[in-house]
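Since the structure comes first, as structure tokens, the remarks are kept for the end.
On a predicted model such as this, the values are computed, not experimentally measured, just so you know. Count residues from 1 along the sequence.
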Amino acid sequence: MIIRHPKKLITKILLYMLLPTLLVLTSFNGILSLFYGNFSMNSAITNAAGETQQVSSRFQEIYTYTLKRFITLTVSDDFRNKVKLFLQTNSTYTECNNLLQDNITNYTHINNLISSVTISRRLSAWETIVYYPYALRLKHDGIEMIRNYPSVSDITFLPSCESPYNGINESIPILIPMRYHESDDLLLIPQNEAAADFTFCLFFDTESVHNFLRLYCSDDSEGILYITDQTGQILSLPSSSIEYERVSREDLQNTVSMLISDNGTYAQSADYHIFCAPIIEDKLFLINAVPESVFMQSYTYMRSIFLTIGITSVVLVTILSVMISFLITKPLKKLMISLHSIETNNYPGKIAISSNDEIEQLNDSIHSMYCTIQKQIAQIHQEETEKYDTQMQLLSEHMNPHFLYNTLEFINMEIFCGHHDNASNMISNLGNYLRTGLAYGENLLTLSQELDHALSYINIMNYRFSHTIQVTVQIPDNLLNRPIVKCILQPLVENSLKHGFEVNTTANYPFSPFITITAQFSGSHLEISVIDNGIGIDIETAEQVTKKKYVPSDTRGHVGLNNVYRRLVSYYKDVDITFSSIPFFENKVTIILPAGPFTDFSERSFYEP
């Protein structure tokens, strides 16, 4: 015997105890998210903005120092005299490069960010002279790389790129054009890029710049730090780095450009917080792209602690709920045994439950209810049997009075006209028709009797309509003696004649009516079909008519199909009626019944109501 435990009650007890706990935890989590989350976020944004400004100031200091040292070295008499020498004499390249070595070395030692310095003279679009330190070796295409740097009219930062020297990582070229004014004996930055006599190129080591920026930014506010120009172009990140790939996204680039153009300091774009601080007004800007996750670290840490406390609370409440639920449901298990025995019709009588509470009262009520129900079941069974027999009798004995009146009237006319043989045959067929239809109150007939009933109806109609109706029967012999609910075929044949050939009207049908009655097994079902070559079936209306609860508005037009369907469902339960129609060729009504009752010789057991 399977004992079903009161799982639903246990579940309810668990829910009643867990839901308030979860509600409290959810409320606290919401408060934490609303207040602490906002506070933490605002504080993190403020700190990051301040630190971005601080890093910008530090880089501005190193840049200012570099620029001052560069000016000091450039305006010196020594360098100015050497410039006049290599600009005004016909000295060879080697002589000039040897002459500038000390000066190039001095520029290289301005600060640790500078990896190298070159001085280039563009003699033409195809020829550029490059003076570089002997301590470094140019790559095979190093001069070509320097020649491809653009001509500028002001101090210009170029994006990080491959260094022209062997053994040096990517560098940020800083181009400084110079022109010597002989009349004033001065070196100046020209206003016109074409007026430059030569160009300094200070190579800032990209990795050193990146480390310098990170050095002055705390971990809590550090994102992806990089330098851009006034257009938002990334200068200080290698194009092959993962960081460059992240910040070069179109949405982030658009946000950075907007901040620079609007002189803004903060904006949020997707999953990044963007901070902007100027290094050189209108020229260089420091960008700090901080991921959302960095700002949420402290909040996430607090939330993890809170969730740990919450989960521990839920586990404790669950354990307590289970203990309480078992104390409550223990007497219910005995009651469930009693209910299960009632369900399986093995009720031994009232079981002993001494809980002294509502469950014991429920046990008494169940026993009393069981006794009452048994009495009522017996009474209801008797009433339903009588009601069922009466209903089936009424459905099966339904007869169209107009058919009977018309047939009797036609017999009378035949007698009056002296056609005694026709009248006698019609009376014989009418007798067979009525005998089968009434069937002395029986609900079942053999399929052979059903077929005779339908053929008697067709014979009567043939006498009335000049024997134009042709009938074909295709039913295996082994099915003819099988019992079936009576009055099934005749309503289908009547529908074919009445609606398919309009025999009750004055219409002149162009072809001879042809009706085929078939029965065959199809898998686990028996299919009984009535096929005609009439004008066709309105399938939508026919399907509505066969619905079990269909109430026809025109009883004369639809009661046949509905009557057949209801009686078949009452007996066989799993019943279907299908329709197909090709007008004037093949219109088929098929009854689909379970095949079991027709393949088992003990048919009677299958038809008990």
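Counting only heavy atoms from C-beta outward, the side chains of Thr472 and Phe514 approach each other to under 4.5 Å. Contact of the Ile528 side chain with the Ile488 side chain is not registered, since no non-hydrogen atoms from C-beta on lie closer than 4.5 Å. Looking at heavy atoms from C-beta onward, Leu430 lies in side-chain contact with Leu408 at the 4.5 angstrom threshold. Contact of the Val530 side chain with the Ile515 side chain is registered, since non-hydrogen atoms from C-beta on lie closer than 4.5 Å. Side chains of Ile274 and Leu259 form a contact here, defined as non-hydrogen atoms less than 4.5 Å apart. Asn533 has its side chain out of reach of Phe585: every pair of non-hydrogen atoms, C-beta onward, lies at least 4.5 Å apart. Using a 4.5 Å heavy-atom threshold, the side chains of Thr546 and Asn562 count as separate. Side chains of Phe501 and Ile535 form no contact here, defined as non-hydrogen atoms less than 4.5 Å apart.
Scored by the side chain to side chain contact (heavy atoms under 4.5 Å, CB included) test, Thr446 finds Ser448, Gln449 as partners (sequence neighbours excluded). By the side chain to side chain contact (heavy atoms under 4.5 Å, CB included) test, Asp574 is found to be paired with His525, residues two or more places apart in sequence or in another chain being considered. With sequence neighbours excluded, no residue satisfies side-chain hydrogen bond (donor to acceptor under 3.5 Å, both in side chains) with Thr516. Scored by the ring pair (Phe, Tyr, Trp, His ring centres under 6.0 Å) test, Tyr266 finds His273, Phe275 as partners (sequence neighbours excluded). Under the side-chain hydrogen bond (donor to acceptor under 3.5 Å, both in side chains) criterion, Ser529 pairs with Thr590, sequence neighbours left out. Considering only residues two or more places apart in sequence or on other chains, Asp271 meets the side-chain hydrogen bond (donor to acceptor under 3.5 Å, both in side chains) condition with Arg249.
Taking CD1 from Ile591 and OH from Tyr572, the interatomic distance works out to 9.5 Å, rounded to the nearest 0.5 Å. Atom-to-atom distance recorded for Ile427:CD1 and Ile460:CD1 is 10.5 Å, nearest 0.5 angstrom. The distance from the OG atom of Ser269 to the CE atom of Met258 is 8.5 Å, given to the nearest 0.5 Å. Atom CG of Leu593 sits about 8.5 Å away from atom CD1 of Ile577, to the nearest 0.5 Å. Atom CG of Leu451 and atom CG of Leu479 lie 11.5 Å apart (nearest 0.5 Å). The OG atom of Ser581 sits 12.0 Å away from the NZ atom of Lys588 when rounded to the nearest 0.5 Å.
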Chi angles and distances behind the side chain to side chain contact (heavy atoms under 4.5 Å, CB included) call for Arg435, His453: CA-CA 9 Å; Arg435 185 182 303 109; His453 185 216; over 6 Å; no

Step-by-step side chain to side chain contact (heavy atoms under 4.5 Å, CB included) determination, Phe521 to Glu527: CA-CA 6 Å; Phe521 286 113; Glu527 295 184 356; over 6 Å; no

Steps toward side chain to side chain contact (heavy atoms under 4.5 Å, CB included) verdict (Ile475, Thr518): CA-CA 5 Å; Ile475 300 177; Thr518 68; 5.7 Å; no

Verdict with supporting geometry, Arg246 and Tyr272, side chain to side chain contact (heavy atoms under 4.5 Å, CB included): CA-CA 10 Å; Arg246 291 175 179 172; Tyr272 280 88; 3.6 Å; yes

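Looking only at distances, a side-chain donor or acceptor of Asn254 sits under 3.5 Å from a matching main-chain atom of Glu250. Without hydrogens or angle criteria, Ser248 side chain to Tyr244 main chain gives a donor-acceptor distance under 3.5 Å. No side-chain donor-acceptor contact under 3.5 Å links Ser241 to the backbone of Leu237. No donor-acceptor pair closer than 3.5 Å links the side chain of Asn429 to the backbone N or O of Asn459. Here the side chain of Ser257 pairs a donor or acceptor atom with the backbone of Gln253 at under 3.5 angstrom.
Considering all non-hydrogen atoms of both residues, Gly223 and Pro291 come closest at CA-CD, 4.1 Å. For the pair Asn495 and Leu561, the tightest heavy-atom approach, listed with the atom from each and the gap, is ND2-CG, 3.2 Å. Of all non-hydrogen atoms in Glu450 and Cys487, the two that sit nearest each other are OE2-N, 2.5 Å. Nearest approach of Gly536 to Asn587, heavy atoms of both residues: CA-OD1, 3.2 Å.
By the neighbour-count criterion of 12 heavy atoms within 6.0 Å, atom CD of Glu245 is sparsely surrounded, having that number or fewer from other residues, nucleotides or ligands. More than 12 heavy atoms of other shown residues, nucleotides or ligands fall within 6.0 angstrom of atom CG in Asn478.
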